Amino acid sequence: MAIYLCVFIIIFSVIGICSADLSSDYYEKSCPKAMYTIKNAVADAVTNERRMGASLLRLHFHDCFVNGCDGSVLLDDTSDFTGEKSAKPNSNSLRGFDVIDKIKSQIEKLCPGIVSCADIVAVVARDSVVLLGGPSWTVELGRRDSTTASLDTANSDIPSPLLDLNDLITNFANKGFTAKEMVALSGGHTIGKAQCTTFRQRVYNETNIDSSLATSLKSNCPSTGGDDTLSSLDATTPVLFDNHFYKNLVNNKGILHSDQQLYSGGSTDSQVKTYSTHPITFDADFAKAMVKLGNLSPLTGTNGQIRTNCRKIN
């Protein structure tokens with residue numbers, strides 16, 4: 001009976017969902033200080049640089065959307081395969097690898113060969129969101145690490161910031177997410193920054209953008225050059241995890257084309273409107289969707305391995 005009653009909500013924002021292969025207390029006996037160690041390391045990293053919280057959340061998303069949450073995004077290139085770090089969505093933009101390395105090193109000293117890199121990535125995403133004022137959720141644990149990576153899948157499966165609404169819905173549906181869950185997960189863009197090259201086309205060519213925002217972005221993103229210059233995805237509260245992302249979309253202040261597509265006269269307008277005025281609803285839906293994201297095709301049992309160094313297979 002307990003298995004069927006495993007979905008629960010605690011005080012609005014703490015969400016937990018059971019998985020047949022994963023469990024929230026997986027390391028309770030084998031590495032009891034693992035979660036405490038991760039939490040402290042994330043706190044240090046985010047205190048040192050607030051943006052790192054967004055980077056660690058993004059790292060988890062980019063890991064899970066490529067053949068499941070298996071830590072493949074952390075692997076460096078080898079003679080046998082080209083890793084995912086050089087994929088177009090990741091190259092020169094994905095960050096946080098040094099934070100994962102530091103955490104892994106600390107945990108290996110406590111309990112060698114026990115805690116997977118994939119689990120560390122999942123936990124740091126949750127801890128980062130909480131530190132920046134967002135909801136918490138129960139992270140199911142017990143993932144194992146992949147022994148390979150896929151550059152091609154990273155290029156094809158991670159959604160582009162240039163996608164239209166229908167393509168976004170399809171992209172997320174391919175991973176088992178509903179349109180509502182896609183809108184909720186997109187709220188992760190309430191923190192973090194985007195490179196000029198990802199929103200230049202929107203700023204200079206699209207009309208459904210607030211004119212003052214466009215002017216401001218153009219000052220930092222020229223029509224040519226400056227591809228790597230950064231602008232906050234949520235200029236209102238850039239380092240707070242809140243629902244201002246949706247408030248911005250309602251006012252045509254989405255930075256990315258794909259973000260503004262969520263509120264552009266289409267089927268997701270009502271969901272964006274709801275989140276823009278009901279932050280508690282957004283928090284709950286985001287947390288629940290993050291649990292589902294973390295349960296995408298994990299390696300368990302004897303599949304995969306527990307890497308000693310997250311950047312390379314054993």
Side-chain angles (χ1 to χ4, degrees), residues 5-19 22 24 53-54 56-65 69 122-140 158-159 163 165-192 233-234 236-251 253-256 258-264 266-296:
L5 296 177
C6 194
V7 181
F8 57 90
I9 300 178
I10 304 176
I11 314 177
F12 302 121
S13 63
V14 182
I15 308 293
I17 296 179
C18 238
S19 167
L22 307 176
S24 60
L56 293 173
L57 173 60
R58 184 170 183 247
L59 191 63
H60 181 43
F61 181 86
H62 283 221
D63 182 34
C64 294
F65 253 56
C69 309
V123 175
V124 300
R126 188 270 313 275
D127 290 353
S128 293
V129 169
V130 172
L131 280 165
L132 295 177
S136 184
W137 59 91
T138 299
V139 178
E140 301 291 315
I158 297 172
L163 290 182
L165 179 59
N166 287 339
D167 291 328
L168 282 169
I169 292 173
T170 298
N171 178 278
F172 278 77
N174 288 340
K175 301 297 180 182
F177 292 101
T178 64
K180 178 181 178 180
E181 290 168 334
M182 181 268 291
V183 174
L185 288 172
S186 296
H189 285 173
T190 187
I191 52 177
L233 287 164
D234 171 8
T236 310
T237 54
V239 292
L240 288 178
F241 195 98
D242 56 23
N243 69 329
H244 274 280
F245 169 75
Y246 301 102
K247 293 177 184 287
N248 291 338
L249 295 186
V250 170
N251 291 296
K253 291 184 177 180
I255 305 297
L256 303 178
S258 56
D259 285 344
Q260 193 59 56
Q261 281 288 294
L262 303 179
Y263 192 83
S264 56
S267 60
T268 55
D269 279 16
S270 61
Q271 196 62 48
V272 170
K273 195 79 170 180
T274 295
Y275 290 156
S276 75
T277 55
H278 295 80
I280 292 176
T281 300
F282 162 57
D283 280 354
D285 287 355
F286 179 82
K288 189 174 181 180
M290 285 301 296
V291 175
K292 185 171 179 177
L293 175 70
N295 285 342
L296 284 180

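Scope of the values below: all heavy atoms of this structure, side chains included, with no hydrogens, waters or symmetry mates. Since the model is a prediction, treat every value here as computed from it, not as a measurement.
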Determine yes or no for a side-chain-to-main-chain donor-acceptor pair under 3.5 angstrom, with [X] supplying the side chain and [Y] the backbone.
X: K180; Y: Q271; answer: no
X: Y246; Y: G187; answer: yes
X: S258; Y: L163; answer: no

Would you check if [X] and [Y] make a side-chain contact, meaning some heavy-atom pair closer than 4.5 Å?
X: D242; Y: D234; answer: yes
X: P135; Y: F241; answer: yes
X: Q261; Y: D167; answer: no
X: L296; Y: F177; answer: yes
X: M182; Y: L168; answer: yes
X: L233; Y: T190; answer: no

Atom pair [atom1]/[atom2] of [X] and [Y] - distance to nearest 0.5 Å:
X: C64; Y: L293; atom1: SG; atom2: CG; answer: 4.0 Å
X: T178; Y: K292; atom1: OG1; atom2: NZ; answer: 6.0 Å
X: D127; Y: L57; atom1: CG; atom2: CG; answer: 11.5 Å

Requested in this report: Please work out whether the ring planes of F286 and F282 are parallel, tilted or perpendicular, with thresholds of 30° and 60°.
Outcome: tilted
Between Y263 and the options N248, L249, V183, the side chain to side chain contact (heavy atoms under 4.5 Å, CB included) test singles out L249
K273, NZ atom: more than 12 neighbouring heavy atoms under 6.0 Å: no
*Side-chain donor-acceptor pair present, D259, H189, cut-off under 3.5 Å*: yes
